[in-house]
Amino acid sequence: MSIKFLIKIRYLMQIIHISDLKNYIGQEVTLRGWLFNKRSGGKVRFVILRDGTGYLQCVYFKGNVTEDTFDAADRTGQESSIEVTGKVKEEPRAAGGYELDAKGLTIIQNANNYPITPKDHGIEFLLDNRHLWLRSKKQVAILKIRHRIVKAIRDFFDDRGFTLMDTPILTPNAVEGTSTLFETKYFDLGSAYLTQSGQLYAEAGAMALGKVYTFGPTFRAEKSKTRRHLTEFWMVEPEAAFFDLNDNMDLAESFLEYIVQTVLKEMKNELGILERDTSKLENVKKPLPRISYDEAIEILKKNNVKLEWGKDISGADETIISNQFDRPVIVHRYPAEIKAFYMKRDPENPKIALAMDVLAPEGYGEIIGGSQREDDLDQLLERIKEHNLPQEAFEWYLDLRRYGTVPHAGFGLGLERTVSWICGLDHLREAIPFPRMIYRNTP
RNA sequence: UCCGCGUUAGCUCAAUGGUAGAGCAUUCGGCUGUUAACCGAAGGGUUGUAAGUUCGAGUCUUACACGCGGAGCCA
């Protein structure tokens with residue numbers, strides 16, 4: 001065969017992805033990707049190809065292929081980049097149902113000694129190799145579900161008249177004045193802090209656009225060392241004018257239902273790879289149970305846990321409460337003292353803030369926190385004093401109450417906690433591609 | 001910051017105070033349907049660091065370093 005002829009064949013060959021195999025049964029195709037794993041018989045070689053869209057077993061029989069090709073199948077290492085050609089066929093013995101009756105194997109780059117072998121590894125090693133760990137089956141499934149959740153979040157708000165509004169990451173002050181923030185030098189203006197929430201800015205947006213949401217990274221410099229904390233995480237925060245606490249809870253409820261039901265419907269394969277028991281996710285439908293903080297204390301009392309009125313609900317207590325229900329539970333009307341300065345007081349009881357948290361089932365804890373905001377100028381001024389916050393830093397925020405203030409509300413949903421819950425992960429660090437934790441900022 | 005646990009081959013882990021071991025990975029050989037394939041062989045070690053107890057320390061003691069889990073804080 002002349003070189004010209006080979007080039008012609010090369011151009012005629014259809015280059016496809018594994019996810020499209022079903023449309024090419026019986027046809028000769030080319031696929032490109034990485035060698036996921038391989039096995040061998042005496043005169044047969046099984047090469048598992050992955051290309052980001054799926055996995056495909058390519059079968060090389062000695063005699064059916066050239067010596068060179070058969071040797072190539074032998075000497076190609078795990079995660080080598082390769083190009084394969086062959087005929088697509090249905091094959092119940094192969095995982096995925098399709099197989100490639102392979103003819104050609106081109107090694108783009110032969111990888112030697114890939115660190116993540118097909119056996120167990122410790123978490124430290126895997127995190128050190130996070131850039132490679134992302135290639136493994138479960139991590140690919142998690143990344144895809146995370147992407148689908150992000151898309152569901154955006155679709156949900158976009159379809160309901162919310163406008164995406166990005167808020168600054170570098171901010172001049174602490175939003176709630178409590179959390180420890182990452183500090184950085186900012187030219188001649190002194191210090192700037194990495195944002196811990198876009199909410200105050202989103203409130204300005206809600207007064208401009210009616211309904212907005214902000215979706216971006218947030219940062220907490222707390223020295224938290226648990227499976228529920230990262231120092232850098234993503235949060236989506238809707239904020240709507242003329243919303244009260246009930247509207248806010250209605251929105252959160254529809255929102256969670258939409259996200260979970262969308263993932264259940266469209267990500268069956270990935271949930272299967274993660275071996276997620278989806279029966280508990282099926283229940284995530286309106287209406288979600290709503291209980292007050294006072295009722296939460298009663299539930300704890302029945303379970304022999306004493307919680308003094310005015311104290312915050314701990315992680316363990318959250319689990320006890322959420323175990324009483326078969327779906328996420330909304331807890332509302334917390335003691336004002338343990339909540340942020342901008343939350344509106346209950347007109348019926350000034351000791352209570354019109355706050356709401358949503359606790360995920362199965363011990364995943366708080367995934368949503370929100371409130372109706374204080375819209376009265378004098379009340380807000382008083383709160384700022386009580387919390388010892390510098391009023392001048394909040395003048396712009398107070399302007400929102402001076403010029404056409406209206407009742408409004410919003411909440412924040414932690415993306416990684418949501419991904420972790422829906423995927424059934426045991427640690428937040430697998431819910432984000434490159435986790436940032438107190439003792440790790442690499443790779 | 002506090003409490004608990006851990007650190008042995010590239011990776012995951014064994015080893016009663018008495019010669020440092022296995023599986024995976026790597027290299028070589030075998031097998032025509034493998035599914036974390038399997039079978040045979042080989043190479044691979046300053047047992048986290050420093051000191052101490054002991055005839056003898058991977059093992060016991062102390063300090064330090066690093067990591068993991070939990071508490072607090074929060075999404």
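Labels below follow one simple rule: chain letters A, B, ... track the order of the sequence lines, proteins then strands, and each chain is numbered from 1. Only this structure's heavy atoms are used, side chains among them; waters, hydrogens and symmetry mates stay out.
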Identify each atom pair where a protein N or O and an N or O of nucleotides 21-30 of chain B are less than 3.5 Å apart, giving names and distance.
{"unit_1": "B/U26", "atom_1": "O4'", "unit_2": "A/Asn113", "atom_2": "OD1", "d": "3.3"}

Going by the side chain to side chain donor-acceptor pair (under 3.5 Å) test, which pairs reach into residues 315-326 of chain A, not counting sequence neighbours? A/Ser314-A/Asp317
Would you mind listing every side chain to side chain donor-acceptor pair (under 3.5 Å) that reaches into residues 249-262 of chain A, with sequence neighbours excluded? A/Asp250-A/Arg290, A/Glu253-A/Arg290, A/Ser254-A/Lys286
Got a sec, which pairs hit ring pair (Phe, Tyr, Trp, His ring centres under 6.0 Å) with one end in [range], sequence neighbours left out?
range                       : value
residues 280-315 of chain A : A/Tyr293-A/Trp309, A/Tyr293-A/Tyr334
residues 45-103 of chain A  : A/Phe36-A/Tyr55
residues 105-131 of chain A : A/His121-A/Phe125

To the nearest angstrom, the CG-C1' distance between A/Asp357 and B/C73 comes to 14 Å
Round to the nearest Å and state the distance from A/Leu127 atom CG to B/C68 atom C1'. 10 Å
Closest nucleotide of RNA chain B for A/Ile48 versus for A/Leu413: which of these residues is on the 5' side? A/Ile48
Nearest-nucleotide 5' precedence on RNA chain B, A/Ser224 against A/Asp426: A/Asp426
Can you name the side chain to side chain contact (heavy atoms under 4.5 Å, CB included) partners of A/Glu270, sequence neighbours left out? A/Ala141, A/Lys144, A/Ile145, A/Met267
Between the base of [N] and the side chain of [X], is there any donor-acceptor pair under 3.5 Å?
X        : N     : result
A/Glu124 : B/G6  : no
A/His121 : B/C11 : no
A/Arg417 : B/C74 : yes

Per the salt bridge (charged side-chain N to carboxylate O under 4.0 Å, His left out) rule, what does the pair list look like for residues 131-142 of chain A, sequence neighbours excluded? A/Glu79-A/Arg135
Summary of salt bridge (charged side-chain N to carboxylate O under 4.0 Å, His left out) pairs that have at least one residue in residues 229-238 of chain A, sequence neighbours excluded: none
Secondary structure string for RNA chain B (Watson-Crick or G-U under 3.5 angstrom, | for other-strand pairs): (((((((..((((....[..)))).(((((.......))))).....(((((..]....))))))))))))....
Taking the P atom in each of B/A50 and B/A57, what is the distance between them to the nearest angstrom? 15 Å
Hits for side chain to side chain donor-acceptor pair (under 3.5 Å) against A/Thr214, two or more places apart or cross-chain, chain-then-number order -> A/Thr167
From the list B/C68, B/U34, B/C74, which nucleotide is the closest neighbour of the side chain of A/Phe46? B/U34
Between A/Arg93 and A/Glu91, is the closest basic N to carboxylate O distance under 4.0 Å? yes
Does the side chain of A/Arg228 get closer than 4.0 angstrom to OP1 or OP2 of B/G69 through an N or O atom? no
For the base of B/A75 and the side-chain ring of A/Phe233, does the geometry meet a stacking cutoff of under 5.5 Å between centres and under 30° between planes? yes
Atom pairs under 3.5 Å, N or O on each side, protein against nucleotides 42-49 of chain B: can you list them with distances?
none

Answer with base, sugar-phosphate or nothing: what part of the nucleic acid does A/Gly41 contact at a heavy-atom distance below 4.0 Å? base
Check the orientation of A/Tyr397 and A/Phe341. Use parallel for under 30°, tilted for 30 to 60°, and perpendicular for over 60°. perpendicular
